[in-house]
Amino acid sequence: MSDIKNPFPMPSEIEDAPGAENWGEMYPYFTKVQPEDDERFWFYNSMHFSEPMSAFDMITAESAYHAMGAYMTRVFAFPTAMGIDYRCINGRIYISANTVEDPQEIEKRLSLFQDRAGHYYENWNDIYSQWEKRMGELIKGMNAIEIPVLPEFDDDAVVKNAKGIAQNHYVREAYNEVLEKYSIMWQHHFEMLMLGYGAYVVFFQFCKQAFPEINDQTVARMVAGIDVLMFRPDDELKKLAKLAVKLGIEDLFTSDGNPDVILPAVEAKGDVGKQWLDALAEARDPWFNISTGDGFYHFERSWNDDLKVPLSALPHYIELLKKGDNLERPTEKLKVERERIIKEYRELLDTEEDKTAFDQMLGVSHLVFPYVEDHKFYCEHWLTTCFFNKIREFGKLLTDKGVLDDAEDIFHLHHTEVNLTLGNVMNSWAAGSKPVNADYWKPIVTERKRMLDVLKEWQAPPAIGPMPEKIEDPAMQMLWGITTETLHAWAAPEVENDSEIKGYAASTGTVEGVARVLRSINDFGEINEGDILVCPITHPSWSPLFSKISAAVSDIGGTMSHMAIVAREYGMPAVVGTGSATKRIVSGQRLRVDGDRGVVTILD
């Protein structure tokens, strides 16, 4: 235990947010704090769950942690780590890792892990190819699910083809199929992901031991310059911008990105307009199936759902093209730098045995890295936005039957509550009567909306429970940016220097510029050329911003977080995992971002 006595509140000590005392009735009983939870360290997973969860959105945590734990604990049997326990407190998700410490248990699990993980590493490309096909079929299957409309009379084919199944049966069948495919997505998601992270962690630990002075960023730069799918949506936007300039229709694109104005104006240009619209249609399927967030909330719609988001990025790309700027990321430069760093550190190794081990571990890291990023497009973005849209169709059904006031209200029911409510509608359609107590959910939904507004204002402590003496988990450091130093900063948040904010040195370089604090994709219009982006965390759909900004700073994340990876690929300085940048920096202030030292200095 730390010398600091109870620097963090115990889980059982946290009180209900005033005005939202009944928040717990939105979530399953097994997500609530238990007395024994006071014996464990937990931290707020604000990287994935940055806002309080609506009742339905809790399925994103349930399904994710079910799958993650299964693969770590039961499928691959990671030697020293099992799954994640999670708790919901005032709508926020706190997590705690389960570790294996018994040497005999570790040895037993190690034998199984080496055999099973070895099979995947040895056949990685073939398995990944199969994985992509399975995900493609899963997405296709999700899109193909038809949501029954429950007409006045069933279709004539039910009788003439002697189907023997009435329409109301398909309501629950379709709903269960939607949930099943969503659950399967998370199983596929973690099938290879933890092995991917594991390979990098092993390489990371080898480098830290072999080169004691090496920093995290330098290790990360050894896998930079590898093309991944998550850059494709942004690349497609750049192609559309180039085509607009080539066709001479660039003036039709405005910064508000209003598709109701822009698309008819393009169409009015005849053959030229049709050529551009055809290119847009080709880009949209599949590349605009990208969420405006990170795929954990129903309100994070895809670019396809809201074309304003991608269209608003085009004027800046068009402006850069007309200036003669190159829109491409400096990938080749990164590759050259990557090879230089690899060669430099490899030569520092004394033995051929160490050099062979270095080569093998680095080779595996290069092999798995594309999946570590690519899976997001298929899972959190493409399938997840499709999933939430299917749930909206059930919301429309419940609205049409008078059970809800609006289709979006379905997201304020837990998925088990939706199932029960569909049963009410199925029965009323069959009986020829109105749904029983049809207004039952309406006041409950209204109250849950109100409570969520209250919970948004609650200041969630970053950590709870007894403070560990040190953080040794490389994944916590690389992904969340949580280190022993982070814990001490959380425990005693006194600021030694009001003008300095420290974090992870995520991407090299030093830049001075004007700060622009953004909290969501809706704030994109506030960014000016050369600004320094300051935000809680970035998402893949934020990539167009990186052609406009000069540096990036985030509250959350480590050297392998999304912002860190993207900043390195764009060759700009970045500091991540500061914990407090968005609280201490105000838009308009001048900053110095030192991506080599991990320091942000407020200059005025």
Side-chain angles (χ1 to χ4, degrees), residues 48 60 63-64 66-68 70-72 75-76 116-145 177-200 223-237 239 281-291 293-296 300 302-304 329 331 363-390 539-541 543 560 562 565-566 569:
H48 296 114
T60 63
S63 299
H66 291 174
M68 177 185 180
Y71 274 93
M72 293 189 68
V75 177
F76 288 111
R116 294 182 175 185
H119 173 74
Y120 263 67
Y121 289 135
E122 290 167 11
N123 300 280
W124 189 270
N125 287 333
D126 288 341
I127 294 174
Y128 183 27
S129 178
Q130 295 169 21
W131 184 94
E132 286 185 302
K133 291 177 182 177
R134 279 189 276 121
M135 277 304 304
E137 289 300 315
L138 190 66
I139 292 166
K140 183 179 178 181
M142 180 73 86
N143 279 316
I145 297 173
E177 186 180 3
V178 169
L179 297 191
E180 177 188 346
K181 290 189 185 309
Y182 183 68
S183 176
I184 291 173
M185 177 275 286
W186 279 110
Q187 296 287 323
H188 291 348
H189 176 283
F190 284 108
E191 176 188 358
M192 302 173 74
L193 182 60
M194 304 315 291
L195 294 178
Y197 284 142
Y200 183 81
V223 296
I226 297 175
D227 196 28
V228 293
L229 286 183
M230 289 311 303
F231 290 118
R232 274 298 295 272
D234 189 35
D235 290 344
E236 293 298 316
L237 284 182
K239 287 165 59 178
E282 186 175 345
R284 290 181 67 174
D285 185 16
W287 305 114
F288 281 21
N289 290 295
I290 183 172
S291 168
D294 211 17
F296 292 91
E300 295 172 343
S302 74
W303 284 7
N304 270 329
R329 298 185 305 280
T331 304
V364 174
S365 294
H366 286 173
L367 178 70
V368 304
F369 182 77
Y371 175 82
V372 169
E373 282 293 293
D374 288 357
H375 80 278
K376 293 179 183 177
F377 179 72
Y378 289 102
C379 297
E380 287 101 316
H381 294 268
W382 193 353
L383 188 137
T384 295
T385 53
C386 175
F387 165 70
F388 281 130
N389 282 340
K390 286 296 176 184
H539 304 297
S541 59
S543 292
M560 290 303 287
H562 180 72
I565 292 171
V566 174
E569 294 298 321

Problem - Check: Y378 and I139 side chains under 4.5 Å, non-hydrogen atoms - result: yes
Exercise for the section: Name all residues meeting the side-chain contact (heavy atoms from CB on, under 4.5 Å) criterion together with S541; count only those two or more places apart in sequence or in a different chain, and write none if there are none. Expected result: I290, T292, W303, I521, H539
Handout entry: V566 vs F231 side-chain heavy atoms within contact, under 4.5 Å
Key = yes
Problem - Closest approach of L383 to M142 (non-hydrogen atoms, all atoms of both residues) - result: CD2-CE, 4.0 Å
Problem - N-O pairing of D235 and R329 below 4.0 Å - result: yes
Problem - pair L195-F76: side-chain heavy atoms closer than 4.5 Å - result: yes
Completion exercise
For F377 and P233 the tightest heavy-atom approach is CE1-CG, 4.4 Å
Problem - Any donor-acceptor pair under 3.5 Å from K390 side chain to I145 backbone - result: yes
Handout entry: T384 side, atom OG1; N389 side, atom CG - distance, nearest 0.5 Å
Key = 11.0 Å
Handout entry: ring-ring contact (aromatic ring centres under 6.0 Å, His included) between Y371 and H375, intermediate numbers included
Key = CA-CA 6 Å; Y371 175 82; H375 80 278; 5.4 Å; yes
Completion exercise
Tightest non-hydrogen contact, residues C379 and M135, listed as SG-CE, 4.0 Å
Practice task
Could you tell me the separation between the CG atom of D227 and the CZ atom of R232, rounded to the nearest 0.5 Å?
Solution key: 8.5 Å
Practice task
Indicate yes or no for a side-chain donor-acceptor contact from E380 to the backbone of F296 under 3.5 Å, with no hydrogens or angles considered.
Solution key: no
Handout entry: Any donor-acceptor pair under 3.5 Å from N304 side chain to R284 backbone
Key = yes
Problem - Shortest non-hydrogen contact from G295 toward E300 - result: N-OE1, 3.1 Å
Practice task
Measure the shortest side-chain to side-chain distance between W382 and M185 over non-hydrogen atoms and say whether it is less than 4.5 angstrom.
Solution key: no
Exercise for the section: State, yes or no, whether a side-chain contact exists between Y197 and V368 at a heavy-atom distance under 4.5 Å. Expected result: no
Handout entry: NZ-CE distance between K376 and M230, expressed to the nearest 0.5 angstrom
Key = 7.0 Å
Exercise for the section: Would you indicate whether the side-chain heavy atoms of M192 and W124 approach each other to under 4.5 Å? Expected result: yes
Practice task
Kindly indicate, with the supporting measurements, whether the criterion side-chain contact (heavy atoms from CB on, under 4.5 Å) is fulfilled by T60 and F388.
Solution key: CA-CA 11 Å; T60 63; F388 281 130; 3.9 Å; yes
Practice task
Go through the structure and list residues passing side-chain contact (heavy atoms from CB on, under 4.5 Å) with V75, not counting sequence neighbours.
Solution key: Y71
Handout entry: Shortest non-hydrogen separation from H366 to V223 and the atoms involved
Key = CD2-CG1, 3.6 Å
Exercise for the section: Keeping the roles fixed (side chain from D374, backbone from L229), state whether a donor-acceptor pair exists under 3.5 Å. Expected result: yes
Problem - Test item: H189 and M68 side chains (from C-beta on) under 4.5 Å apart, heavy atoms - result: no
Exercise for the section: Among residues two or more places apart or on two chains, list those pairs meeting salt bridge (Lys or Arg N to Asp or Glu O under 4.0 Å) that have a residue in residues 124-134. Expected result: R134-E191
Practice task
Look at the aromatic rings of F190 and W186 and report parallel, tilted or perpendicular, splitting at 30° and 60°.
Solution key: parallel
Exercise for the section: If the plane angle is over 60° it's perpendicular, under 30° parallel, otherwise tilted; pick one for W131 and Y128. Expected result: tilted
Problem - H381 side chain reached by P540 side chain, heavy atoms, under 4.5 Å - result: yes
